[in-house]
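Everything below concerns the one structure shown next.
Start at 1 with the first residue, then count along the sequence.
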Amino acid sequence: MKEKLLSILFVGILFLGGIYILMSKDQEFSTYERRKLMTKQELKKDIFHNLDPFFRDQLPWRNHFLALNSFVERSLLQNKESNQVYLINDFMIEKNDNIEEKKLNGFISKINKIQNQYLTNHNIFFSIIPDKSYFLDSQKYPKMDFDYMIQKLKKEINIPYIDIMNDFQLEDYYKTDIHLKQPSYLKILNKLEQHFSLLNQKENYQKKQYDNFQGSSFSKAPLYASQEPLVYLTNETIEKAKVNYLEYNETPVYTLDKLGTIDSYSVFLNGPSAILSIENSNADSEKELIIFRDSFASSLAPLLIPYYKKITLIDLRYIDMSLTNQYIDYEKQDILFLYSTLIVKESNLLKVT
């Protein structure tokens, strides 16, 4: 009898909880998880398949349960890793402990193919930005063999390499995000000047700061995470530059209305874009630069504006390489392939056919 009453009570709680969720106003997105949540409108499209994810997404006190789960795994169970993230001195480090040889070879093949087919008469280099797992102690945490990766890339990619792997420290990255802080890129400008024969611009920057940044890793250890500053550097040259996109209208270099949204890092060049160009009408040089890139370059590119009349950024995750010559004349531009190790190990994302 007691078991029957408990079963009825349990079913009743589930039923009333479901009614409460259906009667409540939808939560449209989760700041913790940086993703859109399933709403009643989507539920109606396919109730049979969407009912379970709808109730999970609209669960009351969802953020508290996420925080509790993180606390149990990290503090009570003493797990080093939870939700594929290590927590070290308040830095959230995404787990990255292996690389498939097939994908590494795929990255090499794609870069060489682009160079051979499109870029035979250019000043061209490639460089790799380490993800935060590069700074893990390999005696305590499993990590990818970065030395092997870089040596293989240097040996098999038919382009000169600019080594910046050891120019950064863990403190150069956001605590709650995968990306480098923009001021950290100032460390490598001298190397880029030397390799591309650029004149030292000796730029002065005004530091602007947004204090409530929550990065892409924030939700994976919410109880241990706190908002942090996002700094962007500006000056008259940057503020006068114009940014044009393949997908949408012109914007300034920094789209300030992105601050406080689900992805505040999109303040840099308005977030993801297949192709964009930055024009500096006040440039002393006629030089142009093309960067084949991922999201890391969004915060580096503004610092390169003083050196070039035009900078074009191409993200091959969003456009096939074979289509780019419809929008770009490959002539005698400087070329930089700049990718994070996260993209090297997921080279299947790059659309090179």
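With respect to Tyr185, the side-chain contact (heavy atoms from CB on, under 4.5 Å) criterion is satisfied by exactly one of Asp167, Ile164, Leu233, Leu180: Leu180. Under the side-chain contact (heavy atoms from CB on, under 4.5 Å) test applied with Phe146, the options Ile99, Asn96, Ile128 reduce to a single match, Asn96. The only member of Ser216, Ser298, Ser299 that meets side chain to side chain donor-acceptor pair (under 3.5 Å) when paired with Tyr265 is Ser299. When each of Ile238, Leu269, Leu304 is tested with Ile278 by the rule side-chain contact (heavy atoms from CB on, under 4.5 Å), just one qualifies, namely Leu269. Each of Phe337, Phe292, Phe107, Tyr161 was compared with Phe126 under the ring pair (Phe, Tyr, Trp, His ring centres under 6.0 Å) criterion, and only Tyr161 meets it.
No hydrogens or angles considered: a donor-acceptor pair under 3.5 Å links the side chains of Glu247 and Ser273. Counted by atom type alone, Tyr134 and Asn166 present one or more donor-acceptor pairs between their side chains at under 3.5 Å.
Summarising the geometry, atom CD belonging to Gln326 is positioned 9.5 Å from atom CG belonging to Leu246; distances are rounded to the nearest 0.5 Å. Rounded to the nearest 0.5 Å, atoms CD1 (Ile88) and CG (Asp137) are 8.5 Å apart. Expressed to the nearest 0.5 Å, how far CZ of Phe125 lies from CD1 of Ile159 amounts to 10.0 Å. Rounded to the nearest 0.5 angstrom, Gln333 CD and Ile291 CD1 are separated by 12.5 Å. To the nearest 0.5 Å, the span separating CZ on Phe213 from CG on Asp263 amounts to 7.0 Å. We find the CD-CE distance between Glu101 and Met149 to be 10.0 Å, quoted to the nearest 0.5 Å.
Inter-residue side-chain proximity for Ile343 and Leu349 is flagged as met; some heavy-atom pair is nearer than 4.5 Å. Contact check for Ile290 versus Tyr330: side-chain heavy atoms found under the 4.5 Å cut-off. Under the 4.5 Å side-chain criterion, counting only non-hydrogen atoms from C-beta, Leu189 is not in contact with Glu203. Counting heavy atoms from C-beta outward, Ile188 and Ile162 have side chains that stay 4.5 Å or more apart. Inter-residue side-chain proximity for Asn270 and Tyr248 is flagged as met; some heavy-atom pair is nearer than 4.5 Å. With contacts defined as side-chain heavy-atom distances shorter than 4.5 Å, the pair Lys240/Ser281 does not qualify. Contact annotation: the side chain of Leu192 never approaches that of Tyr307 to less than 4.5 Å [non-hydrogen atoms, C-beta and beyond]. Using a 4.5 Å cut-off on side-chain heavy atoms (C-beta onward), Leu338 and Phe296 make no contact.
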Test side-chain hydrogen bond (donor to acceptor under 3.5 Å, both in side chains) applied to Tyr86 and Ser133, step by step: CA-CA 9 Å; Tyr86 301 110; Ser133 69; over 6 Å; no
Applying salt bridge (charged side-chain N to carboxylate O under 4.0 Å, His left out) to Asp334 and Lys287, what does each step give before you reach the verdict? CA-CA 8 Å; Asp334 288 346; Lys287 290 171 70 71; 3.1 Å; yes
Could you please spell out the steps behind the side-chain hydrogen bond (donor to acceptor under 3.5 Å, both in side chains) verdict for Asp131 and Ser340? CA-CA 6 Å; Asp131 67 87; Ser340 70; over 6 Å; no
Please report the C-alpha distance between Lys242 and Glu279 in whole Å, then the side-chain angles of each, then the deciding distance to 0.1 Å, and finally whether the salt bridge (charged side-chain N to carboxylate O under 4.0 Å, His left out) criterion is met. CA-CA 5 Å; Lys242 298 179 180 180; Glu279 297 185 10; over 6 Å; no
Start with the C-alpha gap between Glu100 and Asn98, add the side-chain angles, then the distance that decides, and say whether side-chain hydrogen bond (donor to acceptor under 3.5 Å, both in side chains) holds. CA-CA 7 Å; Glu100 297 178 27; Asn98 64 77; over 6 Å; no
For a side-chain hydrogen bond (donor to acceptor under 3.5 Å, both in side chains) check, start with the C-alpha distance between Thr312 and Glu288, then their side-chain angles and the critical distance, and finish with the verdict. CA-CA 8 Å; Thr312 301; Glu288 296 185 10; 5.7 Å; no
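Sparse packing is recorded around CG of Asn249, with 12 or fewer heavy atoms of other residues, nucleotides or ligands lying under 6.0 Å away. Annotation for Leu199: atom CG does not count as buried by contact number, only 12 or fewer foreign heavy atoms lying within 6.0 Å. In Asn116, the CG atom is crowded: over 12 heavy atoms of neighbouring residues, nucleotides or ligands sit closer than 6.0 Å. Surrounding NZ of Lys191 are more than 12 heavy atoms belonging to other residues, nucleotides or ligands, all under 6.0 Å away. Counting heavy atoms of neighbouring residues, nucleotides and ligands inside a 6.0 Å radius, atom NZ of Lys207 does not exceed 12 of them. The local environment of CG in Asp284 is sparse, with at most 12 non-hydrogen atoms from other residues, nucleotides or ligands closer than 6.0 Å. A 6.0 Å sphere centred on CD of Gln117 holds more than 12 heavy atoms belonging to other residues, nucleotides or ligands.
Remark: side-chain polar atoms of Asn112 are paired, donor with acceptor, to backbone N or O of Asn158 under 3.5 angstrom.
Note: the hydrophobic cluster containing Met321 does not contain Tyr318 (ILVMFWY, side chain heavy atoms under 4.5 Å, direct or indirect links).
For Tyr232, the ring pair (Phe, Tyr, Trp, His ring centres under 6.0 Å) partners two or more places apart in sequence, or in a different chain, are Tyr254.
Note: Phe135 and Phe91 fail the aromatic proximity criterion, with ring centroids not under 6.0 Å apart.
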